[in-house]
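This report refers to the structure that appears directly beneath it.
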Amino acid sequence: QMQLVESGGGLVQAGGSLRLSCAASGGTFSDYLMAWFRQAPGKEREFVAGITRGGVGRYSGNSVKGRFTISRDNAKNTAYLQMNSLKPEDTAKYYCAGSRAFTLEAGGMDYWGKGTLVTVSS
């Protein structure tokens, strides 16, 4: 059973940057594809970014391409989401998730964190 804990959220002005972290414990981190999802109030959960087990394959949702970068450090059992050029529409709760399978679908994730809130002011 893997536990995931997100951190790094907060309030930032539009155009600013934040880095989210996802610390994993209780499992073999390098066995899991890691992903970030987000959910804004009244909206469905949205895929943000994903990274394969070794970190070679990286994928981003269309709305964050060129602005957000996912990375991981398997030695530290941690995944990251660097968010640059933030916009008010990026305001959401951001969730870290892990999957043993190669999938970028929320329904395919095996484990989820509880999320961290990101608020971007205009």
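Quick note: numbers below take in every heavy atom, side chains included, and nothing from hydrogens, waters or symmetry partners. Please read these numbers as outputs of a predicted model, since none were measured by experiment.
- Partners of Asn84 by side chain to side chain donor-acceptor pair (under 3.5 Å), not counting sequence neighbours, listed by chain and number: Ser17, Gln82.
- Under the 4.5 Å side-chain heavy-atom criterion for Ile, Leu, Val, Met, Phe, Trp and Tyr, Val64 and Phe37 are members of distinct hydrophobic clusters.
- Scored by the side chain to side chain donor-acceptor pair (under 3.5 Å) test, Ser63 finds Arg38, Glu46 as partners (sequence neighbours excluded).
- By the 6.0 Å contact criterion, CD on Glu105 is open, its count of non-hydrogen atoms from other residues, nucleotides or ligands being 12 or less.
- The two residues Thr78 and Ala23 come nearest to each other via the heavy atoms OG1-CA, 4.2 Å.
- Taking the side chain to side chain donor-acceptor pair (under 3.5 Å) definition, one finds that Arg67 meets it with Asp90, sequence neighbours left out.
- Among residue pairs with one or both ends in residues 71-98, none qualify as ring pair (Phe, Tyr, Trp, His ring centres under 6.0 Å); sequence neighbours excluded.
- Listed by first and then second residue, the salt bridge (Lys or Arg N to Asp or Glu O under 4.0 Å) pairs involving residues 70-85 amount to none (not counting sequence neighbours).
- Considering only residues two or more places apart in sequence or on other chains, Glu89 meets the side-chain contact (heavy atoms from CB on, under 4.5 Å) condition with Lys87.
- Within the structure, disulfide (SG to SG under 2.5 Å) contacts touching residues 89-122 (residues at least two apart or in different chains) are Cys22-Cys96.
- Within the structure, disulfide (SG to SG under 2.5 Å) pairs that include any residue of residues 27-66 do not occur (at least two apart or interchain).
- No side-chain heavy atom of Phe68 sits less than 4.5 Å from a side-chain heavy atom of Leu20.
- No side-chain heavy atom of Thr69 sits less than 4.5 Å from a side-chain heavy atom of Leu81.
- Listed by chain and residue number, Ser60, Asn62 satisfy the side-chain contact (heavy atoms from CB on, under 4.5 Å) test with Lys65 (two or more places apart in sequence, or in another chain).
- Every residue meeting the side-chain contact (heavy atoms from CB on, under 4.5 Å) condition with Leu104, not counting sequence neighbours, appears here in chain and number order: Leu33, Phe47, Tyr59.
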Side-chain donor-acceptor pairs under 3.5 Å in residues 107-122, sequence neighbours left out?
from   : atom 1 : to     : atom 2 : distance (Å)
Asp110 : OD2    : Arg100 : N      : 2.8
Thr116 : OG1    : Gly9   : N      : 3.2

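- Between the Asn77 side chain and the Ser30 main chain, no donor and acceptor come within less than 3.5 Å of each other.
- Val5 forms part of no hydrophobic cluster, judged by ILVMFWY side-chain heavy-atom separations under 4.5 Å.
- Put simply, the side chain of Arg58 reaches to within 4.5 Å of the side chain of Ser71, judged on heavy atoms.
- Considering only heavy atoms from C-beta on, Phe29 comes within 4.5 Å of Met34 through its side chain.
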